[in-house]
Amino acid sequence: MAVPISRAAISDSHVFFNSLSHTAGLLSIPKKRRLMVSASASVSATSEVNPLRPEVSFCFGTHLIPHPNKVDRGGEDAFFVSSYNGGVVAVADGVSGWAERDVDPSLFPKELMAYASDLVGDEEVNHDPQILLKKAHNATTSKGSATVIVAMLQKNGVLKIANVGDCGLKVIRKGKLIFCTLPQEHYFDCPYQLSSEVITQTYLDATVSSVKLLEGDTIVMGSDGLFDNVFDHEIVSTITQYSDVAEAAKALADLASNHSKDSNFESPYSLEARTKGSDVPLWKKVIGMKLTGGKPDDITVIVGQVVSS
């Protein structure tokens, strides 16, 4: 994310930081604080069967593609998925402006996600994603900042979401978009962010929402590298083409990557930029030119399908 700098107990969790390909079955690994595994996976979060009232959980597919200039470092996004309760998922997008201060922008989101992963089962968190953000942010000591979104699914199907900045989550039901989070920003290209600075946004600034999910619903969560380059109708049409969540996540990430490199593509980012007053110089407008193109960035995609436990 090339933007200005604004001023426990757990069971079965994966923390992802790089872009290697990997497939996993059920989450059944011991607790590890900074588990360095891959960013393309299929993960199932399960819960016990209630014979009177079926409970639900997530089956996750994930994929991460680093910015073309950051492939050797694995990019500056981080995320985790967990089987705790009905499933917990989070994405943090490091703010690359910290590189101008000789600070590695990937360290803050990695540590933030590692602590959040450790704390999902914490008694004080009590299934509240906003409190999870609070405790993970307080524990993080690395310099830097990040936008972040956390979603926690209860076994009764209620998905609780806390979002700071421009990572996002969308819910698709029977081929239609029924819910989406909205980005928070100070001004164009400067989103809200949790930071190591004294003056910063906090968990209290998070947009908190909840939505009742049904078996068969699909969530799409990602960093702005996805949503700046792929329109909602493209997300819906792509999701409906795949029954496998890992394949769907990869397809969306690949689509976002292709759009981000296309200088002629009318991307969501270029459309918003023009709406907010950013465009080509006047002399180019006179000859019919306008700002177009995708936005090269780290791209994180998580697809979660709601299944009956």
What's the verdict on side-chain contact (heavy atoms from CB on, under 4.5 Å) for S196 and W98, showing C-alpha distance, side-chain angles and the deciding distance?
CA-CA 11 Å; S196 59; W98 283 92; 3.9 Å; yes

Taking the side chain as C-beta and beyond, is there a heavy-atom pair between [X] and [Y] under 4.5 Å?
{"X": "N85", "Y": "Q154", "result": "yes"}
{"X": "D228", "Y": "P268", "result": "no"}
{"X": "E247", "Y": "V303", "result": "no"}
{"X": "I149", "Y": "I161", "result": "yes"}
{"X": "F108", "Y": "V103", "result": "no"}
{"X": "V150", "Y": "V120", "result": "no"}

Is there a donor-acceptor contact under 3.5 Å from the side chain of [X] to the main chain of [Y]?
{"X": "E185", "Y": "P191", "result": "no"}
{"X": "S263", "Y": "G293", "result": "no"}
{"X": "S257", "Y": "D254", "result": "no"}
{"X": "N126", "Y": "D128", "result": "no"}
{"X": "T200", "Y": "E197", "result": "no"}
{"X": "S57", "Y": "S309", "result": "no"}
{"X": "T140", "Y": "A136", "result": "yes"}
{"X": "D205", "Y": "T202", "result": "yes"}
{"X": "T147", "Y": "G165", "result": "no"}

Look up atom [atom1] in [X] and atom [atom2] in [Y], then write down how far apart they are to the nearest 0.5 Å.
{"X": "D224", "Y": "T300", "atom1": "CG", "atom2": "OG1", "result": "9.5 Å"}
{"X": "N264", "Y": "E266", "atom1": "CG", "atom2": "CD", "result": "9.5 Å"}
{"X": "F80", "Y": "Y115", "atom1": "CZ", "atom2": "OH", "result": "14.5 Å"}
{"X": "D232", "Y": "K170", "atom1": "CG", "atom2": "NZ", "result": "3.5 Å"}
{"X": "E76", "Y": "K110", "atom1": "CD", "atom2": "NZ", "result": "9.5 Å"}
{"X": "Y84", "Y": "S117", "atom1": "OH", "atom2": "OG", "result": "13.0 Å"}

Taking all heavy atoms of [X] and all of [Y], pick out the closest pair and write down the distance.
{"X": "L133", "Y": "Y203", "value": "CB-CB, 4.2 Å"}
{"X": "D77", "Y": "S223", "value": "OD2-OG, 2.8 Å"}
{"X": "L252", "Y": "L226", "value": "O-CD1, 4.1 Å"}
{"X": "N163", "Y": "L182", "value": "ND2-O, 3.7 Å"}
{"X": "S106", "Y": "G75", "value": "CB-O, 3.7 Å"}
{"X": "V158", "Y": "S210", "value": "CG1-CB, 4.3 Å"}

Are [X] and [Y] connected, step by step, through hydrophobic side chains (Ile, Leu, Val, Met, Phe, Trp, Tyr) whose heavy atoms are closer than 4.5 Å?
{"X": "V208", "Y": "L213", "value": "no"}
{"X": "V211", "Y": "V91", "value": "yes"}
{"X": "I178", "Y": "I302", "value": "yes"}
{"X": "V301", "Y": "L255", "value": "yes"}

Quick one: do K134 and E124 make a salt bridge, cutoff under 4.0 Å?
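The answer is no: the pair does not qualify as a salt bridge.
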
Using a strict cut-off of less than 4.0 Å between a Lys/Arg side-chain nitrogen and an Asp/Glu carboxylate oxygen, indicate whether R73 and D104 qualify as a salt bridge.
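Salt bridge between R73 and D104, a charged N being under 4.0 Å from a carboxylate O: no.
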
Would you say CD of Q241 has more than 12 non-hydrogen atoms from neighbouring residues, nucleotides or ligands within 6.0 angstrom?
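Above 12, so yes.
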
List the steps and the verdict of side-chain contact (heavy atoms from CB on, under 4.5 Å) for L177 and H233.
CA-CA 8 Å; L177 186 66; H233 69 86; over 6 Å; no

Member of H137, Q184, Q193, H186 meeting the side-chain hydrogen bond (donor to acceptor under 3.5 Å, both in side chains) criterion with Q201:
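That would be H186; it is the only one of H137, Q184, Q193, H186 passing the side-chain hydrogen bond (donor to acceptor under 3.5 Å, both in side chains) with Q201.
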
D217: which of K174, Q305, R173 passes side-chain hydrogen bond (donor to acceptor under 3.5 Å, both in side chains)
R173

Can you label the angle between the F231 ring and the F265 ring as parallel, tilted or perpendicular, going by 30° and 60°?
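It falls in the perpendicular class, over 60°.
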
For the side-chain contact (heavy atoms from CB on, under 4.5 Å) test, which of L169, I219, L159 pairs with F179?
L169

Begin with the C-alpha distance, continue with both residues' side-chain angles, and end with the deciding distance and a verdict on side-chain contact (heavy atoms from CB on, under 4.5 Å) for V306 and L214.
CA-CA 7 Å; V306 180; L214 305 176; over 6 Å; no

Less than 6.0 angstrom from the centroid, inside 45 degrees of the normal: does K250 satisfy that with respect to the ring of Y242?
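Ring-cation test returns no.
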
Where do E234 and H259 land on the side-chain contact (heavy atoms from CB on, under 4.5 Å) test, with the steps shown first?
CA-CA 11 Å; E234 294 180 298; H259 283 342; 2.9 Å; yes

